Protein chains: 2
Amino acid sequence: MSRVTIADVARTAGVSKTAVSFAFNYPDRLGQATRDRVLQVAEELGYTPHPLARALSLRRSGAIGLLIPQSLSLVFGNPFTSELIQGLGSAFAEHDLVLLLVPPLAGSLEDAVRQASVDGFISLGLTADDPALEALARMGLPTVHVDSEPVTGAVVNVDDRGGAEAAARHLVELGHRRLALITLPPARSRSGVTAVATRRLAGYHAALEGAGLEEPLMLSASATMPAGAEVFRSLYEARPRPTGVLAMSDMAAIGLMSAARDAGWQVPQELSIVGFDDLPMAAWTAPGLTTVRQPIVEKGRLAAELVIHLLEGRRVVSPPPLPTSLIVRGSTSAPRR
Amino acid sequence: MSRVTIADVARTAGVSKTAVSFAFNYPDRLGQATRDRVLQVAEELGYTPHPLARALSLRRSGAIGLLIPQSLSLVFGNPFTSELIQGLGSAFAEHDLVLLLVPPLAGSLEDAVRQASVDGFISLGLTADDPALEALARMGLPTVHVDSEPVTGAVVNVDDRGGAEAAARHLVELGHRRLALITLPPARSRSGVTAVATRRLAGYHAALEGAGLEEPLMLSASATMPAGAEVFRSLYEARPRPTGVLAMSDMAAIGLMSAARDAGWQVPQELSIVGFDDLPMAAWTAPGLTTVRQPIVEKGRLAAELVIHLLEGRRVVSPPPLPTSLIVRGSTSAPRR
DNA sequence: TTGTATGCGTTATCAA
DNA sequence: TTGATAACGCATACAA
């Protein structure tokens, strides 16, 4: 155990606790002799300042909490999360900050928020009515919301609507008339549909209505390959069969593509598929996945920079949505007639 | 700010701090009336117990540190990390534990260890001479080492050697005579070659020597696709050209495969490639990647369970290495003659 | 059932 | 240059 405390060192070295503290934090403010003696004793006793006590006294822990709406198992099944963390990490590293992953505690994200010893929070995909927001406000800590609605405070988003619209227009222009949409399910049971899903849906619909298409088949799948594969069944049974699918995540799109090919369907000839995210692996599937690129790493980096600004006491305004763009690969083509 | 403290609530409610504390932590030990009043006042004032102060007093923070040998940007570029976290997360969720990602602070993992307010550590890929081990020992916290050498304490490993040997034997049996090995570079600058790399190398060599093959071409690449692609150049210039490659990571293998195909090489006809890990995406490349499967999620889960056991004061012995197995896919075949 | 007093291990203010 | 001592905010023996 970390039993040896600053008092032990002070007593053994025959100095006050202040002197020991200075020896570690302000070496210059101590005489050469006493400093050396203190450090010597500390070394011998194997003393290490207690991080928690230090944090309480300094009123900062050096950690930022990443609020994760679901279980780690689920969320880290989507490479999106890794990409985001890469962005966060690049900014945090420059400020000696460390990242605390905070998933719901026994199903409650509010409880998790209250437990977390951090200097600030970055939330992910919260809706405006999420009870975690109330808990966050109570904590009174700098907070940045990613993929959320314009709640009070700093929000970082991408142009979900524009990206979705471009994706839908792409299929329309290829000649597809009967489409299916794979939406994202609500991330947290109590809350309704995600802000991100709402915006993308609006984008899809704008393009479809503009082209006078019939109502698309509405499906739902979380951002995992199994969920995407699962959706294939509904697609298989649908009459008339959609010739194109717009998915709100690359993972679901890839899972679906896999299931379709396993069932003997030709992609894209019999089924065109468009994803969302442009994860690195989207370029690696066979065929490559046509998808909407969003700058995930940049989004993470931006969110991290904002929370750091807040930490430094600066005022922060929510930046405009980051741009999205359609990346056309092999998974889309004109429908076979 | 979280300005309102337990004392404020106590004063406003006209009770002692103890009563307030009880109202939150031991509601039963308080009279109905006072409890309600305290909670009422707490609500009105927007009181939330300070997690840090609480942790200091309870002597536990509810967080476990994951010691990451390199930057988050680098480590999360490898899906291996996501898989591991999925395993850790499934165990931690059951114990209301939260995960702190601890990369080196200004290049020093030791400093990062000293700063981390956690109840225990899980380390990743540390060598026996890593200075972080000393810092860890000083902290006196429960610690489990993953992918390490049998240092003192609990260690979780997989059968690296057996897996590597199976991979090499596979190529030998296909008729390859001239091979290249892509090893993992040392994760931390000061330390030598990783324990994992050493064990896998031993496995490769055992199979090659058993077959009387000449010395393989030795290359090195971190577990990223760009690093793997980079390695292709050396391969391209080598004379005689290797017909098969054994990589210590799927990511490097896939990066290499990509570069080779971009250069017009046929995989596997002109170059057979074997990876290591069996990441989900290994099944998604074209052709599929032959690789050594290791149970990453289980490894994470096991490490988490061990550190939880230590936390609970139980004695723990290092489990035997988890099994590995060769998964043959399309990226290997007999060499073209 | 409720309150007093002390401990948790630091840092920091203010004197000396 | 060094040392008492008071925060930091909460939990908890022990007492009432």
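In this text the structure is predicted, and so the values were computed from the model without any measurement. Proteins get letters first, then strands, A, B, ... in listed order; numbering begins at 1 in each.
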Quickly work out the [X] [atom1] to [N] [atom2] distance and round it to whole Å.
X: B/L52; N: D/dA11; atom1: CG; atom2: P; value: 12 Å
X: A/L58; N: C/dG9; atom1: CG; atom2: P; value: 16 Å
X: B/F24; N: D/dC10; atom1: CZ; atom2: C1'; value: 12 Å
X: A/R11; N: C/dG9; atom1: CZ; atom2: C1'; value: 13 Å
X: A/Y47; N: C/dT11; atom1: OH; atom2: C1'; value: 10 Å
X: A/R114; N: D/dC10; atom1: CZ; atom2: C1'; value: 17 Å
X: A/R60; N: D/dG9; atom1: CZ; atom2: C1'; value: 18 Å
X: B/Q115; N: C/dT11; atom1: CD; atom2: P; value: 11 Å

Query - Positive for side-chain contact (heavy atoms from CB on, under 4.5 Å) with A/L306, one of A/V155, A/V156, A/I122, A/L311 - result: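 Answer after filtering A/V155, A/V156, A/I122, A/L311: A/V156.
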Query - N/O (side chain, B/R54) to phosphate O (OP1/OP2, D/dG9) under 4.0 Å - result: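 For B/R54, the contact criterion (side-chain N or O under 4.0 Å from OP1 or OP2 of D/dG9) is not met.
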Query raised in the report: Can you tell me if the side-chain N/O atoms of A/Y26 get under 4.0 Å from OP1 or OP2 in C/dA12?
Result: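 Yes, such a contact exists.
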Let me confirm one number: the [atom1]-[atom2] distance from [X] to [Y], rounded to the nearest 0.5 Å.
X: A/R301; Y: A/L88; atom1: CZ; atom2: CG; answer: 10.5 Å
X: A/L97; Y: A/D119; atom1: CG; atom2: CG; answer: 7.0 Å
X: B/L133; Y: B/S148; atom1: CG; atom2: OG; answer: 6.5 Å
X: B/L66; Y: A/L101; atom1: CG; atom2: CG; answer: 8.5 Å

Report task. Return the residues of residues 27-36 of chain B meeting this criterion: a heavy atom under 4.0 Å from some atom of DNA chain C. Order them by number, or give none. Result ->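 Contacts with DNA chain C under 4.0 Å: B/R29, B/L30, B/G31, B/T34.
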Query raised in the report: How far does the helix from C/dT1-D/dA16 to C/dA16-D/dT1 bend, going by the axes of its first and last five pairs, to the nearest 10°?
Result: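 Result, rounded to 10 degrees: 40°.
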Query raised in the report: Under 4.5 Å between any side-chain heavy atoms of A/I85 and A/F76, yes or no?
Result: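 Side chain of A/I85 against side chain of A/F76, heavy atoms only: contact under 4.5 Å found.
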Query raised in the report: Along nucleotides 3-8 of chain D, 5' to 3', which nucleotides get a B, which get an S, and which get a -, given that the test is a protein heavy-atom distance under 4.0 Å?
Result: BBB--B
Requested in this report: Identify, with sequence neighbours excluded, every residue that meets ring-ring contact (aromatic ring centres under 6.0 Å, His included) alongside A/Y47.
Outcome: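 Once residues adjacent in sequence are excluded, the partners of A/Y47 under the ring-ring contact (aromatic ring centres under 6.0 Å, His included) criterion are A/F24.
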Query raised in the report: How would you list all residue pairs meeting side-chain hydrogen bond (donor to acceptor under 3.5 Å, both in side chains) that involve residues 21-33 of chain A, not counting sequence neighbours?
Result: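 Applying side-chain hydrogen bond (donor to acceptor under 3.5 Å, both in side chains) to every pair that reaches into residues 21-33 of chain A, excluding sequence neighbours, yields A/S21-A/N25, A/N25-A/R54, A/Q32-A/R35, A/Q32-A/D36.
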Report task. Return each pair, listed once, that meets side-chain hydrogen bond (donor to acceptor under 3.5 Å, both in side chains) where at least one residue sits in residues 64-82 of chain A; pairs must be two or more places apart or across chains. Result ->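 Residue pairs with at least one partner in residues 64-82 of chain A: A/S82-B/S82.
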Report task. Indicate yes or no: does A/E110 engage A/R114 in a salt bridge with an N to O separation below 4.0 Å. Result ->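 No, this pair does not count.
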Query raised in the report: Hey, are B/D147 and B/K299 close enough for a salt bridge, meaning a charged N less than 4.0 Å from a carboxylate O?
Result: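 B/K299 and B/D147: salt-bridged.
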